[in-house]
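A quick note: this is a predicted structure, and the numbers were derived from the prediction, not measured. One-based numbering, in listed order, for ligands and for the atoms of each.
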Amino acid sequence: MFMTGKTAKNTVEFSEFEKYENEIVTIKGTIHNIRMMSDFAFIILRTARETVQCVYAESFSDYRLAEDVKEECAAKITGKVVAGETRDGSKRYELQIHNIELLSHPAEIPPVVITKKQVNCDLSTKLDYRPVTLRNPKERAIFKLQEGIQRGFREFLSKEGFTEIHSPKINFAGAEGGTNVFKLDYFGKQVYLAQSPQLYKQAMVAVYERVFEIAPVFRAEHHDTSRHLNEYISMDLEMGFIESFEDIMEMETGLLKYIMQLLKTEYKNEVELLHVDIPEITEIPVLKFMEAKEILMKKFKYQPTDMKDFDPAEEEMLGKYAKKQFNSDFIFITHYPSKKRPFYTMDDPEDPEYTLSFDLLFRGLEITSGGQRVHDYNAQVAKMEKLGMNPEEFATYLMLHKYGAPPHGGLGLGLERLTMHLLGAKNVREATMFPRDINRVSP
Ligand code: ATP
Ligand code: MG
């Protein structure tokens with residue numbers, strides 16, 4: 001026997017139905033929903049990305065609907081493609097059933113109803129039964145859309161000359177500092193799960209100039225919030241030979257425009273099913289951190305408790321401000337205080353209390369942090385010492401600086417957070433296929 005790489009195909013896809021109007025075809029899928037009427041039945045077949053309306057009636061053929069044709073059976077349905085009309089008058093192809101061949105039978109009926117327009121149970125139940133609830137067309141559309149975001153990220157950056165990398169997730173030290181790092185026993189040694197690919201993507205700037213990575217990162221967030229996960233997908237990029245940190249913000253603006261366009265064209269079904277309001281991006285306004293604080297105090301009469309960072313309420317107000325003032329769903333905030341940014345962040349030479357860094361807010365939620373990094377060896381060692389870190393512990397990281405690095409910077413974009421606010425969802429778990437949080441490691 002020899003494999004040729006060509007799979008013989010004797011079934012058709014729903015997207016090909018137009019080609020086969022009034023012909024007999026076979027299609028594969030799962031029986032999603034059976035609706036018995038007085039003298040006919042609708043059998044909805046669920047395929048990878050569609051639901052196909054099949055109609056059973058005694059007049060169509062000699063085939064008689066068998067007792068064991070049940071929802072969630074895998075099946076091959078043969079029938080005649082006919083053009084029907086939807087309620088809005090547009091053409092919608094359906095299949096007049098001539099035969100159903102069952103390929104598998106479920107042992108039990110699903111524990112949650114998945115045949116309605118949406119899964120109507122609380123979030124926790126929905127997550128408990130994810131392998132089943134994701135079969136619901138609307139539910140699964142979320143992660144098809146999410147695929148589109150990643151695909152846009154990858155396509156755009158590849159075109160811009162970025163190299164895709166994969167950095168290790170088991171590391172000798174945490175990159176972002178703080179206490180939210182998972183410790184791991186590694187053959188008797190203590191190591192950490194990666195909080196970000198930061199140190200590695202920076203190292204690769206001296207090799208490939210422009211790199212990106214789409215991969216999970218781990219944060220031991222001890223609290224239960226609607227926007228934090230313990231494992232999330234970070235879409236990271238890092239680029240060398242920048243003239244200023246604004247170059248990174250320009251790159252992200254282009255990137256987001258590309259992603260939104262891709263969703264509109266290639267993910268139209270999902271966008272419609274989920275009623276996604278795709279943001280129009282022409283240009284993204286930029287505010288300095290202290291300007292933003294002033295707007296909060298003057299325009300919103302808000303008295304910030306922390307002058308070094310924003311709390312969620314402040315981010316929300318800034319989102320509203322961006323919409324009202326600039327008609328923009330996005331706003332960049334730059335020059336965050338040095339105290340709140342990690343050790344690798346470059347301070348603003350004009351005012352070292354602040355940094356050459358930025359966050360991007362989308363509809364009032366932080367989705368990105370980024371900025372220019374320290375590239376000079378002595379400057380990085382001095383900054384580490386000032387922060388009470390021991391540069392010797394970071395010897396492998398500092399190889400980048402010691403042996404010469406171009407001026408560079410980059411960003412990290414949280415995939416689930418971006419998806420969440422595209423959906424208008426209230427909880428980031430809605431936009432996470434199998435979320436890991438303080439109370440959940442399963443399924
Ligand atoms: P926050 O202040 O909202 O907790 P952060 O500033 O600690 O976030 P960064 O280290 O800047 O997060 O991470 C970059 C991006 O990764 C964030 O802008 C966000 O989109 C995403 N992100 C960070 N932490 C989480 C998390 N625990 N769960 C989901 N996404 C996250
Ligand atoms: Mg941040």
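Nearest to atom 11 (O) of ligand 1 by heavy-atom distance, out of G412, S369, G414, P435, is S369. Compare E231, Q195, E366, Q198 by their heavy atoms: the one nearest to atom 6 (O) of ligand 1 is in E366.
A side-chain donor from one of E155 and Y258 sits under 3.5 Å from a side-chain acceptor of the other. In this structure, a donor-acceptor pair under 3.5 Å is absent between the side chains of Q150 and Q146. Side-chain contact, K28 with T30: no donor N or O sits under 3.5 Å from an acceptor N or O. No donor-acceptor contact under 3.5 angstrom links the side chains of S15 and E13, judged on distance only. Residues E71 and T115 have side chains that never bring a donor and an acceptor to within less than 3.5 angstrom of each other.
Closest approach between the Mg ion (ligand 2) and any N/O/S atom of E366 involves OE2.
Heavy-atom separations between E416 and ligand 1 are all 4.0 Å or longer. Proximity of I367 to ligand 1 is established by a heavy-atom distance of less than 4.0 Å.
Residue L229 places at least one N or O, backbone or side chain, under 3.5 Å from an N or O of ligand 1.
Exactly one residue among K144, R140, R49 makes a salt bridge (charged side-chain N to carboxylate O under 4.0 Å, His left out) with E270. That residue is R49.
Among the atoms of T368, no N, O or S atom falls under 2.8 Å of the Mg ion (ligand 2).
Residue contacts with ligand 1, taken as heavy atom pairs separated by less than 4.0 Å, involve H228 via backbone and side-chain atoms alike.
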